[in-house]
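What follows is one structure encoded as structure tokens, with my remarks underneath.
Just so you know, residue 1 is the first one in the sequence shown, and it goes up from there. Computation of the quantities below employed the complete heavy-atom set of this structure, encompassing side-chain atoms and omitting hydrogens, waters and symmetry-equivalent molecules. Atoms within each ligand, like the ligands themselves, are counted from 1 in listed order.
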Amino acid sequence: MESELGKKIIYQIYPRSFYDSDHDGIGDLRGIIAKVPYLKKLHIDMIWFNPFFVSPQKDNGYDIADYYQIDSRFGTMADFEELVAELHKNKIDVMLDMVFNHCSTRHPWFQKALAGDKYYQRFFYLRSAKPDGSLPTNWQSKFGGPAWSRFGHTDKYYLHLYAPAQADLDWHNPAVRQEAAKIVNFWRKKGVKGFRFDVFNVTGKAEQLVDSTDRNTEKQLYTDTPVVHRYLRELNHNSFGQDPTIVTVGEMSSTTVENSIKYTQPKNHELSMIFTFHHLKVDYRQGNKWDSVPFDFLQLKKLLFEWQTALDQAQGWNALFWNNHDQPRALNRFGDPIHYREKSAEVLATAIQLLRGTPFIYQGEEIGMTDPNYQQITDYEDIETINAYHELLAAGRTPTQAFNAVKQKSRDNSRTPMQWTDDKFAGFSTVKPWLLPTNQATINVADELKNGEIFTYYQRLFKLRKTEKLVYQGHIKPLWQDHPQVMGYLRYLDQQQLLVITNFYGQATTINLPAAFAAAKSQILLSNYQRQQLPTNKLTLAPFEALVLKLNSSSFF
Ligand code: NOJ
Ligand code: MG
């Protein structure tokens with residue numbers, strides 16, 4: 001199974017921003033069907049779709065009001081079925097996003113609870129104010145403000161770790177867990193082969209909800225509690241675990257190495273793999289997302305390798321990624337989109353994709369898309385961005401400071417429409433899209449396929465992953481851990497070794513090539529500079545150079 005997971009490439013589509021077929025400025029399912037030939041070119045195995053279920057869209061579909069229906073903005077169930085069939089014809093499977101920590105306050109469960117139905121009231125965390133009249137706990141919502149809102153006209157409050165429109169479901173209630181399994185099984189019957197579980201490790205709050213003593217440790221009160229593992233095993237048993245070919249990934253916010261192992265060790269029957277985010281916080285000042293600093297390269301490597309080596313030793317499994325719909329483009333954060341857009345995109349791709357695990361790539365990454373250059377707060381749509389902007393102002397930042405802070409980290413950075421052409425609306429739509437593209441004149445699919453090198457580089461990387469056992473199955477050993485510019489590692493299995501070397505900066509740098517790999521002893525499998533030859537010892541890497549070497553088998557004898 002491990003080798004099967006290691007051969008898969010998963011592409012993420014943000015349906016709202018992929019392709020608009022019905023001219024309303026919002027991407028849709030028929031738009032995705034129209035682009036299947038493009039997706040086929042990439043040789044991906046599965047597509048993870050962000051939620052397109054019925055939703056008031058307060059958090060772009062992460063506030064679900066009906067888990068069994070397609071939101072009419074995106075299409076119909078018939079469109080969905082056609083999309084699945086079309087993808088299957090091209091050997092691409094479908095992964096859906098299961099949002100089970102919370103549902104929309106428009107969901108009938110919440111509405112019935114509000115109307116006084118006791119059965120459904122037990123679906124949520126309803127609590128009374130403290131004797132002094134203050135909120136049930138002092139917890140903060142992850143989108144700003146308190147995590148409790150008044151439950152209708154009652155004297156109770158309901159918990160929402162995210163927006164007030166996203167009410168947390170009480171997983172301690174077996175009826176909630178049964179509903180979740182039912183939803184997974186419904187989509188399995190439609191041919192869905194993959195499931196991503198949204199913020200799953202915060203589902204199991206402690207039995208007693210208590211005040212936190214400090215903001216930084218507050219999350220521990222509801223993250224990775226032992227019951228999460230128990231409920232996952234139950235969900236696995238009652239739904240996706242019944243089909244061993246199904247692929248699952250849990251989004252694990254602020255998790256630990258120990259829990260990551262537990263979630264993914266095959267013997268535990270929890271998940272195939274997990275997303276972790278520590279490596280994407282290395283450009284936060286003291287953990288504060290809205291206070292950006294140049295990224296800490298040594299820390300980045302340390303975190304990636306910590307997870308890699310620990311999960312390798314324990315048969316855990318990582319999802320490998322730089323980008324998703326919640327992150328600004330990695331190219332802007334860790335690359336150089338101005339001077340070395342193509343080379344730095346290739347370095348990032350090489351460094352992450354040849355690690356041990358299953359790579360995920362996010363729409364537009366394969367053409368080197370970058371963050372938009374918005375000029376005012378009204379250009380943004382995202383609830384987190386807007387809330388953060390107002391909180392920064394309230395905390396005393398000037399409008400310019402607050403704007404610059406959110407511009408760096410806004411989730412809308414990656415949510416801009418896929419840039420198909422250099423047209424006014426990037427070939428995404430014929431009408432003004434819900435978010436505007438700003439740099440489609442220089443970055444777009446049409447141009448990339450004609451003149452670019454990133455797309456073909458991704459194809460080569462994917463081929464390498466699928467054909468080279470060292471990549472899909474090998475162990476990992478980090479190298480040059482203290483080097484200020486180079487990320488490199490060995491992948492090894494039995495007697496074989498593969499060496500990945502990447503220069504993360506726009507200056508050349510020289511390293512000692514491990515003797516075993518010197519000229520004539522190894523072959524170049526991949527190079528983003530068409531390098532043909534290797535030196536015997538000192539290797540000088542060009543700015544943002546990526547190189548993959550494999551020992552000649554003859555070197556062993
Ligand atoms: C994680 C999702 O990726 C994000 O987009 C969403 O806002 C939160 N979970 C809440 O569902
Ligand atoms: Mg549309």
Side-chain angles (χ1 to χ4, degrees), residues 12-35 48-53 55-65 67 70-76 79 83 95-105 107 141-144 147 159-169 196-203 219 222-223 249-255 274-277 280 289 319 321 323-328 360 362 381-388 409-415 417-418 425 427-435:
Q12 183 189 350
I13 286 187
Y14 198 65
R16 198 172 239 284
S17 299
F18 197 61
Y19 185 58
D20 174 23
S21 74
D22 62 354
H23 320 290
D24 62 354
I26 295 176
D28 43 63
L29 299 188
R30 302 214 67 81
I32 302 168
I33 296 174
K35 296 295 184 185
W48 154 29
F49 294 97
N50 291 97
F52 40 55
F53 313 104
S55 157
Q57 304 285 319
K58 296 281 188 240
D59 183 22
N60 289 9
Y62 283 93
D63 46 323
I64 297 176
Y67 290 87
I70 310 293
D71 193 292
S72 58
R73 291 174 185 84
F74 299 114
T76 63
D79 294 333
L83 173 62
M95 171 180 274
L96 293 189
D97 212 321
M98 298 286 108
V99 187
F100 290 150
N101 175 64
H102 43 265
C103 66
S104 165
T105 48
H107 193 289
S141 146
K142 291 173 191 261
F143 291 157
L159 177 69
H160 53 85
L161 291 181
Y162 294 86
Q166 296 165 298
D168 277 52
L169 287 160
R196 177 239 188 212
F197 295 100
D198 190 61
V199 291
F200 200 82
N201 63 333
V202 302
T203 48
K219 290 180 194 151
Y222 54 75
T223 305
V249 54
E251 188 199 23
M252 301 306 179
S253 116
S254 305
T255 192
I274 49 155
F275 291 123
T276 64
F277 298 93
L280 297 177
K289 173 168 178 168
F321 74 106
N323 293 294
N324 68 27
H325 64 292
D326 292 330
Q327 301 288 332
F360 281 68
Y362 179 69
E381 290 284 336
D382 173 34
I383 183 169
E384 184 200 47
T385 307
I386 311 286
N387 288 353
K409 291 283 162 46
S410 172
R411 304 194 298 178
D412 283 341
N413 281 322
S414 55
R415 297 178 180 183
M418 180 75 178
F425 301 133
F428 162 76
S429 180
T430 52
V431 303
K432 191 173 174 210
W434 71 281
L435 269 187

Can you tell me if, anywhere in Gly31, an N/O/S atom lies at a distance from the Mg ion (ligand 2) that is smaller than 2.8 Å? no
Of all the heavy atoms in [X], does at least one lie under 4.0 Å from an atom in ligand 1?
| X | value |
| --- | --- |
| Arg411 | yes |
| Lys58 | no |
| Arg415 | yes |
| His102 | yes |

Which ligand 1 atoms does [X] reach within 4.0 Å, using its non-hydrogen atoms?
| X | result |
| --- | --- |
| Asp326 | 1 (C), 2 (C), 3 (O), 4 (C), 5 (O) |
| Glu251 | 1 (C), 3 (O), 9 (N) |
| Phe143 | 7 (O) |

Asn413 and Ser410: side-chain donor and acceptor closer than 3.5 Å? no
Checking Arg196 against Gln12: is there a side-chain donor and acceptor pair closer than 3.5 Å? no
How many degrees, to 10°, between Ile26 O and Asp24 OD1 as seen from the Mg ion (ligand 2)? 90°
Applying a 4.0 Å heavy-atom criterion (strictly less than), which segment of Gln327 is in contact with ligand 1: side chain, backbone, both, or neither? neither
Paired with His325, the ring pair (Phe, Tyr, Trp, His ring centres under 6.0 Å) test is passed by just one of Tyr362, Phe18, Tyr62, Phe360, namely Tyr62
Full working for side chain to side chain contact (heavy atoms under 4.5 Å, CB included) between Phe277 and Asp326: CA-CA 11 Å; Phe277 298 93; Asp326 292 330; 6.0 Å; no
How are the rings of His102 and Tyr162 set to each other: parallel, tilted or perpendicular (split at 30° and 60°)? tilted
Please state which protein non-hydrogen atom is closest to atom 11 (O) of ligand 1 and give its distance, to 0.1 Å? Asp198 OD2, 2.7 Å
Starting from atom 6 (C) of ligand 1, find the nearest protein heavy-atom neighbour and note its residue, name and distance. Asp59 OD2, 3.3 Å
Name, closest N/O/S atom of [X] to the Mg ion (ligand 2):
| X | value |
| --- | --- |
| Asp20 | OD1 |
| Asp22 | OD1 |
| Asp28 | OD2 |

Check Glu381 with Arg16, please: is the shortest side-chain N to carboxylate O separation under 4.0 Å? no
Before accepting this row, confirm whether a basic side-chain N of the pair Asp59/Arg411 lies closer than 4.0 Å to the acidic partner's carboxylate O. yes
Is it the case that the ring center of Phe197 lies less than 6.0 angstrom away from the ring center of Phe275? no
Within the 6.0 Å centroid threshold, strictly below: Phe143 and His160: no
Check the pair Asp71, Phe52 against side chain to side chain contact (heavy atoms under 4.5 Å, CB included), reporting the backbone distance first and the verdict last. CA-CA 6 Å; Asp71 193 292; Phe52 40 55; 5.6 Å; no
Best match, Tyr162, Phe100, Phe200, Tyr14: closest heavy atom to atom 8 (C) of ligand 1: Tyr162
